[in-house]
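Report on one structure; see the data block that follows.
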Amino acid sequence: MTSFEDFLNQISKLKKLPLPGPQSQLKMAAVERLEEMQQIALEKKEHKEASVMMLIYPKKDIPYFVLIERTQSTGKHSGQIAFPGGRKEPTDADNSVTALRETEEEIGILTTQQHLIRPLTSIYIPPSNYMVFPYLAFAKAELSFTPQLSEVKSVIEIPLESLMDPKNNSTTTLSTSYMENATVPCFYFNEVMVWGATAMMLQEIKDLFITAGFK
């Protein structure tokens, strides 16, 4: 089991390693032709932009990361398990500012508590036409969350070792607005099932951590 101190000692290596990139994300892709659609979206520049945060923090010296369950609404991502994050505002200087700001707004962790490590590979989400820019960050101390009730139904804390455990990789069958009874790859963290773009971003982070020597 990796301690939080072990994680901190690997940060300099994490900053320097090449990103696993789309080939890593596509291991958990639920949508065919996603890479092609992402390239089209980048070329046309008609997509909207959003950012999310993979925030790692200590809990009894064990590294954890945080996900959220979105509130039920009429939106395309209503009720889904996701990273904290949201759309870019005109006042945001860059995408990292969006990730920091949205994390503070959605789960109450101040931007000054979040220490950026690096950006990860952007990912296109066809149903909502968003290009999402994920970031990896850490907090130095245990966290107390204050969810934004209009956006966040619950905060989900997951040990980093659960992401690294291959037994938590699985598949599920589901139907959405753009596919019916499709078998898609996913992660299971106890009763929490994560699929789609969030699972794809988690897979890249997992592969990056494996390269860095995490177990």
When you measure from the side chain of Gln148 to the backbone of Glu104, do you find a donor-acceptor pair of N or O atoms at a distance under 3.5 Å? no

Calculate, to the nearest 0.5 Å, the distance between atoms OG and CZ belonging to Ser51 and Arg87 respectively. 13.0 Å

Verify side chain to side chain contact (heavy atoms under 4.5 Å, CB included) between Ile56 and Phe209, making sure each step is shown before the conclusion. CA-CA 12 Å; Ile56 298 177; Phe209 283 2; 3.6 Å; yes

In short, Pro134 meets Val132 closest at the heavy-atom pair CD-O, 3.4 Å

Taking Ser162's backbone N and O only, do any of them form a donor-acceptor pair with Asn168's side chain (distance below 3.5 Å, no angle check)? yes

Would you please name every residue forming a side-chain contact (heavy atoms from CB on, under 4.5 Å) with Gln203, sequence neighbours left out? Ser24, Lys27, Met28, Asn169, Phe187, Lys206, Asp207

Residue pair Phe83, Ile68: steps toward the side chain to side chain contact (heavy atoms under 4.5 Å, CB included) verdict: CA-CA 6 Å; Phe83 289 116; Ile68 60 171; over 6 Å; no

Side chains of Asp6 and Ser3, donor plus acceptor under 3.5 Å: yes

What residues, two or more places apart in sequence or in another chain, satisfy salt bridge (charged side-chain N to carboxylate O under 4.0 Å, His left out) together with Lys13? none

By salt bridge (charged side-chain N to carboxylate O under 4.0 Å, His left out), Glu204 pairs with (sequence neighbours left out) none

Any sub-3.5 Å donor-acceptor pair from Arg118's side-chain atoms to Leu17's backbone N or O? yes

Qualifying salt bridge (charged side-chain N to carboxylate O under 4.0 Å, His left out) pairs with a residue from residues 49-67, counting only residues at least two apart or across chains: Glu49-Lys88, Lys59-Glu157

Quick one: side-chain hydrogen bond (donor to acceptor under 3.5 Å, both in side chains) partners of Ser154, sequence neighbours excluded? Glu69

Is there a side chain to side chain contact (heavy atoms under 4.5 Å, CB included) between Tyr188 and Val194 once you walk through the steps? CA-CA 6 Å; Tyr188 272 104; Val194 184; over 6 Å; no

Between Gln113 (side chain) and Leu110 (backbone), is there a donor-acceptor pair under 3.5 Å? yes

How would you list, by chain and number, every residue that makes a side-chain hydrogen bond (donor to acceptor under 3.5 Å, both in side chains) with Asp92, sequence neighbours excluded? Thr98, Arg101

For Leu163 and Met54, what are the C-alpha separation, side-chain angles and deciding distance, and is it a side chain to side chain contact (heavy atoms under 4.5 Å, CB included)? CA-CA 12 Å; Leu163 174 63; Met54 166 77 161; 4.2 Å; yes

Tell me if the centroids of the rings in Tyr57 and Phe145 come within less than 6.0 Å of each other. yes

Can you establish whether the number of heavy atoms outside Lys140 located under 6.0 Å from its atom NZ is more than 12? no

pair Thr198-Ile81: side-chain heavy atoms closer than 4.5 Å: no

How are the rings of Phe4 and Phe138 set to each other: parallel, tilted or perpendicular (split at 30° and 60°)? tilted

Are Tyr135 and Leu55 side-chain neighbours, meaning at least one heavy-atom pair lies under 4.5 Å? no

